[in-house]
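In each ligand, atom 1 is the first atom listed, and ligand 1 is the first ligand listed.
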Amino acid sequence: MRISIFGAGAIGGFLGVRLLQAGADVTFIARGAHLAAMREKGVTLRSGGESVTVRPRCTDNPAEAGPQDAVLITLKAHSLPAAAAQMLPLLGPETSLITGINGVPYWYFYGLDGPYRDRHVESVDPGGKLWETLHPSRAIGAVIYPAAEVLEPGVIEHSYGDRVTLGEPDGSRSPRIEALSKLFIQAGLKSPIRPRIRDELWVKLWGNLAFNPLSALTGATLDRLATQGDLRTVARTMMVEAQAVAEALGTRFPIDVDKRIQGAAEVGAHKTSMLQDLERGRPMEIDALLGAVVELGQLVGKPMPTCDMVLTLVRERARQAGCYPAASPKL
Ligand SMILES: NC(=O)C1=CN([C@@H]2O[C@H](COP(=O)(O)OP(=O)(O)OC[C@H]3O[C@@H](n4cnc5c(N)ncnc54)[C@H](OP(=O)(O)O)[C@@H]3O)[C@@H](O)[C@H]2O)C=CC1
Ligand SMILES: CC(C)(CO)C(=O)C(=O)O
């Protein structure tokens, strides 16, 4: 299978190495110092006490790779609008796009039964440009559970997790999703195919929408946010508000909110990705993880006072650190 990893940083680099080792024809699409290091010295993956270096095709010019069977998008959410047009040379008539980005995906409402069918989500897809450029008929949803980090340009550390859940927006077991799941399994990952991928996206997002902004605001690690009295109450209140929104859109949560919080507590003294981005002065995924959920709340008419307040505060915290644009998205 010809597969490009668009945004082959931490998680994309980890998955790309695994897919290459499984025999796929993989192209890493990256940029800057990380790309230069991968070109010069190959990509080193450290995982489970072992280190392997591979030499994939690495480029910042998708035209060099040409049309692919699949493109795995592992950009940060805010990088996708600017990168979408760059993906066009990778797209043949049958190319699928696996969206590995955390948060509400741009294709969320594609074919979704109910009054909001085929709407775009402004917070992640300003003006519906992604919908047009990367038509959601190409999209395959993914929930990525492993954790990885770029330790230095060209060197990736995989710290835990091996599950990449996949699902077609329409829930079907299409030949393309079967082939991708098989490839991920050959790459040593667990890769179940879910008929209701949005439910699983929400279970991950449920934690991210609360813990990530709260960690950025307070500096607290996941274990404190999930266990310390008042902090836990704030996180839980946000999650309960979001649950009402998700359920109004047809989501069925397979676990309750306390079980989800317990799962986050078990991760331990971990800095969320949003706190890490803030500390490094990098753009933060505020709009994909919380802004989009607040937008969906407005859409279905469910009040989200705690989420609204935390969104306002975390945007300003990010602005003060130079990690968020001066203007919030217009909804
Ligand atoms: N890391 C993790 O453990 C996990 C991450 N996720 C999610 O996966 C997504 C990716 O996260 P992560 O891997 O940590 O992010 P990274 O920043 O490590 O990787 C994204 C890479 O894409 C590059 N990039 C951005 N724009 C372009 C472009 N136009 N052309 C080529 N390369 C580009 C970035 O370069 P630059 O740095 O120059 O912007 C960066 O190297 C996020 O949504 C995250 O929430 C999900 C599960 C776990
Ligand atoms: C650690 C965790 C689970 C926090 O919700 C996460 O996904 C992140 O840091 O983005």
Side-chain angles (χ1 to χ4, degrees), residues 4-18 27-39 43 45-47 57-65 71-90 98-106 123-124 130 133-134 141-165 189 200-201 203-205 207-209 211-213 215-216 222 267 270-292 323:
S4 276
I5 313 293
F6 205 108
I11 205 68
F14 160 64
L15 293 172
V17 172
R18 287 288 170 86
T27 302
F28 282 43
I29 299 178
R31 66 183 183 185
H34 182 54
L35 172 62
M38 292 195 294
R39 275 177 161 156
V43 186
L45 174 65
R46 297 186 190 157
S47 176
R57 191 182 308 113
C58 298
T59 184
D60 55 3
N61 178 9
E64 282 176 16
V71 178
L72 173 55
I73 307 177
T74 50
L75 295 161
K76 291 277 192 173
H78 41 258
S79 301
L80 182 56
Q86 288 174 258
M87 288 181 200
L88 292 175
L90 302 171
I98 311 149
T99 54
I101 298 174
N102 272 340
V104 177
Y106 73 91
S123 303
V124 292
L130 289 178
T133 314
L134 308 176
V143 187
I144 298 189
Y145 292 93
E149 193 182 341
V150 177
L151 293 181
E152 61 185 80
V155 181
I156 293 153
E157 182 176 67
H158 164 236
S159 47
Y160 64 82
D162 63 356
R163 184 152 52 107
V164 176
T165 299
L189 299 156
E200 194 154 330
L201 284 166
V203 173
K204 182 157 196 213
L205 177 56
N208 290 143
L209 72 90
F211 295 122
N212 292 33
S215 69
L222 211 48
V267 176
H270 171 80
K271 287 187 180 178
T272 71
S273 54
M274 199 178 280
L275 175 56
Q276 292 179 36
D277 286 337
L278 176 70
E279 288 180 346
R280 291 173 188 171
R282 295 167 57 108
M284 292 151 69
E285 292 185 299
I286 295 174
D287 289 311
L289 300 186
L290 184 56
C323 300

Notebook entry, point to check: What atoms in ligand 1 come closer than 4.0 Å to a heavy atom of I101?
Noted result: 43 (O)

Notebook entry, point to check: Where is the tightest heavy-atom contact between I98 and A142, given as atom of each residue plus distance?
Noted result: CG2-CB, 3.7 Å

Next item on the list: Taking the side chain as every heavy atom from C-beta outward, state whether L222 and K271 have any pair of such atoms under 4.5 Å apart.
Entry: no

Checklist line | Proximal ligand 1 atoms for P146, defined as those under 4.0 Å from one of its heavy atoms | finding: 3 (O), 47 (C), 48 (C)

Note to self: Among I156, N102, I144, T272, which one puts a heavy atom closest to atom 6 (N) of ligand 1?
What the structure shows: N102

Item checked: L278 versus A216, closest heavy-atom pair with distance -> CD2-O, 3.4 Å

Margin query: Which heavy atom of D287 sits nearest to which heavy atom of S123, and what is that distance?
Written below: CB-O, 3.7 Å

Note to self: Which option wins on minimum heavy-atom distance to atom 2 (C) of ligand 1: A10, A83, A148?
What the structure shows: A148

Margin query: Please determine whether a side-chain nitrogen of the Lys or Arg among R163 and E200 lies less than 4.0 Å from a carboxylate oxygen of the Asp or Glu.
Written below: yes

Check: Quick one: does ligand 1 sit under 4.0 Å from the side chain of A82, the backbone, both or neither, non-hydrogen atoms only?
Finding: neither

Notebook entry, point to check: Do any nitrogen or oxygen atoms of I11 lie less than 3.5 angstrom from nitrogen or oxygen atoms of ligand 1?
Noted result: yes

Notebook entry, point to check: Quick one: CD on Q86 to CZ on R31, what's the gap to the nearest 0.5 Å?
Noted result: 8.0 Å

Item checked: E149 and R280 ion-paired at < 4.0 Å -> yes

Checklist line | Any Y145 heavy atom less than 4.0 Å from ligand 1 | finding: no

Next item on the list: Give the contacting part of E285 toward ligand 1: side chain, backbone, both or neither, where contact means a heavy-atom distance below 4.0 Å.
Entry: side chain

Check: Heavy atoms only: which of R282, Q86, H34 is nearest to atom 37 (O) of ligand 1?
Finding: R282

Margin query: Which of the numbered atoms in ligand 1 are under 4.0 angstrom from any heavy atom belonging to G9?
Written below: 18 (O), 19 (O), 21 (C), 41 (O)

Next item on the list: Heavy-atom contacts with F6 under 4.0 Å: which atoms of ligand 1 show up? List them by number with element.
Entry: 28 (C), 30 (N)

Notebook entry, point to check: Applying a strict 4.0 Å limit to heavy atoms, is T74 in contact with ligand 1?
Noted result: yes

Check: Which of parallel (below 30°), tilted (30 to 60°) and perpendicular (above 60°) describes H270 and Y160?
Finding: perpendicular

Item checked: Residue that, paired with N102, satisfies side-chain contact (heavy atoms from CB on, under 4.5 Å) out of N208, V143, L201, L209 -> N208

Item checked: Close approach of G103 to ligand 1, heavy atoms, under 4.0 angstrom -> no

Check: Does A30 come within less than 4.0 angstrom of ligand 1, counting non-hydrogen atoms of the residue?
Finding: yes

Note to self: Show the nearest heavy-atom pair for residues L130 and A84, with the distance to one decimal.
What the structure shows: CD2-CB, 3.5 Å

Next item on the list: Please name the pair of heavy atoms, one in S273 and one in K76, separated by the smallest distance, quoted to 0.1 Å.
Entry: CB-NZ, 4.4 Å

Check: Hey, looking at atom 21 (C) of ligand 1, which of G7, G161, A84 has the closest heavy atom?
Finding: G7

Item checked: Heavy-atom proximity to atom 28 (C) of ligand 1, best of K204, H158, R31 -> R31

Checklist line | Atom indices of ligand 1 within 4.0 angstrom of A147 heavy atoms, with elements | finding: 3 (O)

